[in-house]
Amino acid sequence: MHINNLTKSKFDDPNALLFRGVTAKLQPADRIALIGGSGTGKSTLLRILSLLESFEEGTIALEDRSSTEWKPHSWRRKVSYVAQKPIMRSGTVGFNLRTVSQLHNLPFDEELARKYMAAVGLGQTDWNKQAGDLSGGEQQRLALVRSLLLQPDILLLDEITSSLDPGSKQAVESLLLEWVTGQSDPSARAYVWITHDLEQARIISNQIWFMADGGLLEQAETGAFFAKPATEQARRFIQGLKEGAKSDE
Amino acid sequence: MSNLALICTLCFVAVAAVISMRQKLGLEKEILIGTLRAAVQLLFIGYVLHFVFETSHPAFIVTIILCMILVAAWNAGAKAKHVRGIRSRIALTLACTEGLTMAILLGLGIINPTPQYIIPVSGIIIGSSMIVCGLLLNHMKREMETARGEMEMLLALGATEKQAIHDPLRRSVRASMIPTIDGMKTVGLVQLPGMMTGMIVAGADPVEAVRYQILIMFVLASSAAMTAMVLSLISYKLWFTKDARLLPLQASD
C-alpha cells in the first residue's frame, strides 16, 4: 500500500489540520507499530486507510490502483480496520463469528474459527452465549477473531489489547505475529497496530511509525527507533511513557 | 354550519392562546400563524374542490394530487434535510403508493372514478404516507447515531452499503409502520376517525360511514407498508457518501 501526501483537517475545526503530508509505504510482511500522543490522528489515519474516513488531500493506493479506482467494499475486504471499542452484533458468539461468511456468501470455516478462538484464549467460550454478555476483554478478542476470519491482506489494529489482561494480551500478540510471519506464503499479510505500550511496540513490530506535530515524523526500523530516535519529539515521547510506566510501578 | 358558528370556533384557539400566555409557553405567535394558515388553506381548498367537482376534468384531479405529493414530500423531507436527494425520493415513493392504491381502488370498483371520491381518498393516502416517511426518516436519523458503530463494523468487514444498513433500516421500517397498525387495533374503541365523524355529522348513516372508514383503515395499512418499503429501498444509499462511508453526523436540529 502506498500512502502519498495525505492531509486531513480536524473534525471540529475544518480550517485546522490534524496532520499533513503523511507519506508511507506498507509492504508485505510489514509489522508496523503506530505510536504517538493522543489526538495526533493515529486512529483517523487507520480509518482513512480502510476508507471509513475522508481526507482532504493526497492519495492511497493498493496493488498499484488508487483507492478511487476500487469499490470500497472490495478494498475493505483486503484492508480491514479493527476498532478499539468492540461492537458485537446482537446475537450469539457463533452468529458473530459467522458474520464474514454470511456477508460474503462463503462457507463458514469452523475449524479456523476454533483455532483462532483457542489462540486468543476463548477456546472454552460457549458459542451459544449472547455476545453482548461477554466481558469487554472477551468482546475485544472476539472482534479480532471475527476480522481475522475475513482473511484480509492488511489489518489495521486500533489499540486492540487495551482491555486485556497480560496473559490474553500476550496470546493476541503471538497470534498476530504468527498471522503475519508464520505464513507459508509470506507475500500478502501485514498490519499497522496502534499501541501506547512501548514494550508491546517492541515485541510486535519490525517498524515504527511515530506521529506528532501534525505529521508522520518518523518511520524507522524498531530497534533503531528505540535505540536512537531521530527527532526530539520522539525522544521526549519515549521518555514520557517510560516515566509514566515507572510511576505506575 | 352558519358563518356565526364558524367564527365561534375561534373560542378553541383562544383557549390554546390563553394557556400559552399564562404558562409562558411562548407559542402565541405559532398558534396565530397556525390558525390563520389552517383557515386560509382550508377555505382555499374548499373553493378549489368546489370548482373541480363542478368541472370534473381529469387534468384538475391530477394537478391537485401532484400538488399534494410535492407539498408532502417537501414537508417530510424537512426531517432529513442533510440527506441530499431525499425529497425527490419521497415524492417518487408517494407517487408510487398513491398510483398503486388508486389503481386497485378504481380497478376493483371499490370507489367511483369521480373527483368527490378520488381527491379526498388521495389526500388521506398521501397525508398518512407523508407521516410514515417522516417517521422512517426520524428513526433512520436516530439509527445513524446509535447504530453507527454496528454499521461501520460491517463496512470494515467488507459489507456493501445495503448489508451494512440492513438491520437499522428494518428497525426503522418497522417503527414507521407501528402507529398505523396500532391505530387499526384501537379504532372505534379509542378514537372515532375524522372522516367517519365528518360523514356522520354531515348526516350520513353511521353504518355507511363505518364501511368507508373500514376501507380507509385497510388502505392506510397497505399504503404505510408500501411507503416504508419503497422509500427504504430507493433511499438507503443516500445515507452514505459516494465512496460508501456513512454520512457525517449532523448537529441535532
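Every chain is numbered from 1 and lettered A, B, ... according to where its sequence line falls, protein lines coming before strand lines.
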Within the 4.5 Å heavy-atom criterion, are [X] and [Y] side-chain neighbours or not?
X	Y	value
His73(A)	Gln163(B)	no
Glu152(B)	Arg47(A)	yes
Leu155(B)	Arg76(A)	yes

Does [X], at its [atom1] atom, have more than 12 non-hydrogen atoms belonging to other residues, nucleotides or ligands within less than 6.0 Å?
X	atom1	result
Glu57(A)	CD	no
Glu111(A)	CD	no
Arg65(A)	CZ	yes
Glu69(A)	CD	yes

Which bit of [X] is near chain B, if near means a heavy-atom gap under 4.5 Å: side chain, backbone, both or neither?
X	result
Ser90(A)	neither
Leu51(A)	backbone
Ser50(A)	neither

Interatomic spacing from [atom1] in [X] to [atom2] in [Y] - rounded to 0.5 Å:
X	Y	atom1	atom2	value
Ile48(A)	Arg245(B)	CD1	CZ	9.0 Å
His166(B)	Leu103(A)	NE2	CG	11.5 Å
Gln102(A)	Leu157(B)	CD	CG	11.0 Å
Trp75(A)	Asp243(B)	CH2	CG	11.5 Å

Item to complete: For chain B, find which of Arg77(A), Glu53(A), Lys85(A) contributes the most heavy-atom pairs closer than 4.5 angstrom.
Response: Glu53(A)
Discussion item. Heavy-atom pairs under 4.5 Å with chain B - which of Lys71(A), Arg89(A), Arg146(A) has more of them than the others?
Written reply: Arg146(A)
Worksheet entry | Structural part of Leu246(B) lying under 4.5 Å from a heavy atom of chain A | neither
